[in-house]
Amino acid sequence: LGGSDDSSFIIRTLRLPRVLTAVLVGLAFGVSGQIFQRMVRNPLASPDILGVSAGAAAGAVSCIVLVGATSTVVTGSALAGSVGAVAAIYLLAVKNGLSSYRLVLIGIGITAMLNAYVAYLLTRAELYDAQRATVWLTGSLNGRGWEYVRPLAVLLGVLVPVTVICARQLRALELGDEAAHGLGVGLRRSKLALSLSGAALAAVATAAAGPVGFVALVAPQIARRLVGARSAALVPAALVGAAIMVYGDLVARR
């Protein structure tokens, strides 16, 4: 308020939407990483490993290289690619019950296949398209305006409450499938709901900022070391993920 037009433009048009996008993306990655790590009882589990990011990359790069589409279409293709990858992984892993180990192994295999597909597309692309795809694959908040903040906020406003409701079964699932079943938890239903909610959060974040690596992997672990046992909750991981994205973007930009 009361600043010059230049200051208003820099803050309201350039910096504020970029920071808000970073906060929302980091929050989504942090919650998603916490969901997957607790569900499969593996600190190395994350959307990066379980195929969500690779599916988004395959969808976005296909759109860039084969069609030469605009940013909006690329974002939609990334979201569709994530959903397709998660659906394929779930259908392959659900045989005879949804095993956490099978989910991780199939996710790693699908990720490797999609990464190979992306690498092949890059070798066949024109130079400009390859450069554009490489920037997207690295992940970036550059140029993120209000057109990214508004839909991202709406989607997270729906997904986060749904995820919190689904996450009530996590404590039982951490005890193991047999113990959780003995406590009356419907394993297939609970794991499906958690997988879909965690994957949806990661897919939305990836579509907005690209497959930013390691945020979903390290945010839950940093939260656990900062606040101890309370890091089992989703809020600390969400806050750490948001902080990593904001400060990481600040360091990269400066």
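Note that the structure is a prediction, hence the values are computed from the model and not measured. Side chains included, hydrogens not; waters and symmetry mates left out as well; all remaining heavy atoms used.
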J.: Decide yes or no for R124 and V65: does some side-chain heavy atom of the first lie under 4.5 Å from some side-chain heavy atom of the second?
T.: no
J.: Could you report the tightest heavy-atom contact between W136 and A57, atom names first, then the distance?
T.: CZ3-CA, 3.6 Å
J.: List the atom of M245, the atom of G26, and the distance in Å for their closest heavy-atom pair.
T.: CG-CA, 3.3 Å
J.: With the 4.5 Å side-chain cut-off for hydrophobic clustering, are V149 and L250 part of the same group?
T.: no
J.: Give a yes or no on whether the backbone of A28 and the side-chain of S32 come within a donor-acceptor separation of less than 3.5 Å.
T.: no
J.: For residues L159 and V31, determine if any side-chain heavy atom of one lies less than 4.5 Å from a side-chain heavy atom of the other.
T.: no
J.: Restricting to pairs with a member in residues 18-35, which pass salt bridge (Lys or Arg N to Asp or Glu O under 4.0 Å), not counting sequence neighbours?
T.: R18-D249
J.: Identify whether L201 and V23 are in the same connected component of the hydrophobic contact network (ILVMFWY, side-chain heavy atoms under 4.5 Å).
T.: no
J.: So do the side chains of L137 and L122 get within less than 4.5 Å of each other, counting heavy atoms only?
T.: yes
J.: Roughly how far, to the nearest 0.5 Å, is CZ of R144 from CG of L20?
T.: 14.0 Å
J.: Looking at every heavy atom in both P151 and W146, which two are closest together, and how far apart are they?
T.: CD-O, 4.3 Å
J.: When rounded to the nearest 0.5 angstrom, what is the spacing between CD1 in I64 and CD in Q131?
T.: 12.0 Å
J.: Please identify which of these residues, L217, I244, T206, meets the side chain to side chain contact (heavy atoms under 4.5 Å, CB included) condition with F29.
T.: T206
J.: Side chains of S62 and Y117: closer than 4.5 Å at any heavy-atom pair?
T.: yes
J.: Do L239 and V164 belong to the same hydrophobic cluster, where Ile, Leu, Val, Met, Phe, Trp and Tyr are linked whenever their side-chain heavy atoms lie under 4.5 Å apart, directly or via other members?
T.: no
J.: Would you give the length of the straight line joining atom CD1 of I89 to atom OG1 of T111, rounded to the nearest 0.5 angstrom?
T.: 5.5 Å
J.: How close do P220 and A237 get, heavy atom to heavy atom, and via which atoms?
T.: CA-CB, 4.1 Å
J.: Quick one: CG on L152 to CG on L27, what's the gap to the nearest 0.5 Å?
T.: 9.5 Å
J.: Are V25 and V246 co-members of a hydrophobic cluster defined by side-chain heavy atoms under 4.5 Å apart?
T.: no
J.: Taking a hydrophobic cluster as the set of Ile, Leu, Val, Met, Phe, Trp and Tyr residues connected by side-chain heavy atoms closer than 4.5 Å, whether directly or through intermediates, do L92 and L114 fall within one such cluster?
T.: yes
J.: Let me check something: any side-chain donor-acceptor pairs from residues 77-87 under 3.5 Å, sequence neighbours excluded? List them with distances.
T.:
residue, atom, partner, partner atom, Å
S77, OG, V73, O, 2.9
S82, OG, V52, O, 3.1
S82, OG, A78, O, 3.3

J.: Drop me the distance from L196's CG to L194's CG, to the nearest 0.5 angstrom.
T.: 9.0 Å
J.: Atom OH in Y148, atom CG in L141: separation rounded to 0.5 Å?
T.: 10.5 Å
J.: Could you tell me if the side chain of I35 sits less than 4.5 Å from the side chain of L234, heavy atoms only?
T.: yes
